[in-house]
2 protein chains.
Amino acid sequence: MELSIRKHYEARSRVIKALAHPTRLFILDKLAEGEHCVCELQAMVGADISTVSKHLSVLRQAGLIDYEKRGNQVFYRLLTPCVHQFIHCIDEVTRTPAPE
Amino acid sequence: MELSIRKHYEARSRVIKALAHPTRLFILDKLAEGEHCVCELQAMVGADISTVSKHLSVLRQAGLIDYEKRGNQVFYRLLTPCVHQFIHCIDEVTRTPAPE
DNA sequence: TCCTTTCTTGGGTATTTTGCCAAATAGCCA
DNA sequence: TGGCTATTTGGCAAAATACCCAAGAAAGGA
């Protein structure tokens, strides 16, 4: 595989890796309904707040979400609504039993 | 996060994890053009054939591809063309620089 | 200033993923 | 059967991820 081609697929996979975790998919669904602060997401997810913060950092570095500080809270919001078409496709795959 | 909800997101993330590798994304693109045997994919990818075979196994277990044996060759083909709409979305994300 | 709340970062450990080699399996043909 | 090609599987070491705890940073109120 040629280097420039490889770079292209690596860029794609970086974004997909950010999506490849149940907690992060859950967070994206919640943010699709509207912005949430970290403490709200932490309550919904039910993990340590530092864990939730790190998941949010992964999604932000992938360019999927952004945040805004207001007071001592940080509100996150979805940047890419098209992620949900994609999730729709994934759900079609999960509904179809794998071969064998 | 409630158990049944968690199961749902775990199922989604299992499929997305299968997509989260540059070599596997490359293979999916090649299979979108038509079926290929392992040796053809190996030549295009340029990795050890056992590595390519394992990537194909990951994609198959996720329900994204299937295979057919003909003679002593194994031909793989794409099961889910919708994967490409979704790649289109990913490319939009990669074209937009991440915040900060 | 001090205390509280909210969030991020550092660090250690545990788990998962990756990629190569070597060995095993399977089909074809002589 | 023997040899050849195509592919999968086992195993291992290296790299990447995940999660919790503890510590740090930033904002607000007393």
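Within every chain, numbering begins at 1; the chains are lettered A, B, ... in the order of the sequence lines, protein sequences first and strands thereafter. Side chains are part of it too, since the values below use all heavy atoms of this structure and drop only hydrogens, waters and symmetry mates.
The A:Asn72 side chain lies nearest to C:dT6 when the options are C:dT6, C:dT18, D:dC20. Of the candidates D:dT7, C:dT8, C:dC7, the closest approach to any side-chain atom of A:Gln73 belongs to C:dC7. In the set D:dA27, D:dT7, C:dA26, the nucleotide with an atom closest to the side chain of B:Val38 is D:dT7. The A:Ile49 side chain lies nearest to C:dT8 when the options are C:dT8, D:dA18, C:dT18. In the set D:dC20, D:dT7, C:dT9, C:dT9 carries the atom at the smallest distance from any side-chain atom of A:Ser53. Checked against C:dG10, C:dT8, D:dT8, the side chain of A:Val74 finds its nearest nucleotide in C:dT8.
The CD atom of B:Glu40 sits 15 Å away from the C1' atom of D:dT5 (whole-angstrom rounding). Per the geometry, NZ belonging to B:Lys17 stands 8 Å off C1' belonging to C:dT16, to the nearest Å. Look at CG on A:Asp48: it is 14 Å from P on C:dT6, rounded to the nearest Å. As rounded to whole Å, 10 Å separates atom P of D:dA6 from atom CD of B:Gln42. Between B:Ile27 atom CD1 and D:dT7 atom P there is a gap of 12 Å when expressed in whole angstrom units. Distance, A:Glu68 CD to D:dA27 C1': 15 Å, rounded to whole Å. Per the geometry, NZ belonging to A:Lys69 stands 8 Å off C1' belonging to C:dC7, to the nearest Å. Protein atom CD of A:Glu10 is 14 Å distant from nucleotide atom C1' of C:dT18, rounded to whole Å.
The hydrophobic cluster containing B:Val45 also contains B:Tyr67, counting ILVMFWY residues as joined when their side-chain heavy atoms lie under 4.5 angstrom apart, directly or transitively. By the criterion of side-chain heavy atoms lying less than 4.5 angstrom apart, applied directly or through intervening Ile, Leu, Val, Met, Phe, Trp or Tyr residues, A:Met44 is grouped together with A:Leu64 in one hydrophobic cluster.
B:Ser53 contributes no side-chain N or O that, together with a main-chain N or O of B:Ser50, makes up a donor-acceptor pair within less than 3.5 Å.
Dashed line: the shortest gap from a side-chain N or O of B:His55 to OP1 or OP2 of C:dT17 is not under 4.0 Å. For the OP1/OP2 pair of D:dT7 and a distance below 4.0 Å, the side-chain nitrogens and oxygens of B:His36 include no atom meeting the criterion. Between B:Arg70 and C:dG27, a side-chain N or O to OP1/OP2 separation shorter than 4.0 Å is absent. Residue A:Tyr76 places at least one side-chain N or O closer than 4.0 Å to OP1 or OP2 of C:dT8.
Nearest approach of B:Gln42 to B:Val52, heavy atoms of both residues: CA-CG2, 3.9 Å.
Between B:Phe26 and A:Tyr9, the ring planes are perpendicular. Angles over 60° get that label, and only those under 30° would be called parallel.
B:Phe75 comes within 4.0 angstrom of no nucleic acid atom, judged by non-hydrogen atoms across all strands.
A donor N or O paired with an acceptor N or O is found under 3.5 Å between the base of D:dG11 and the side-chain atoms of B:Lys54. In the interface, the side chain of A:Ser50 is paired with the base of D:dC21 through a donor and an acceptor atom under 3.5 Å apart.
Annotation: cation-pi pair B:Arg70/B:Phe75 present, NZ/CZ under 6.0 Å from the ring centroid and within 45° of its normal.
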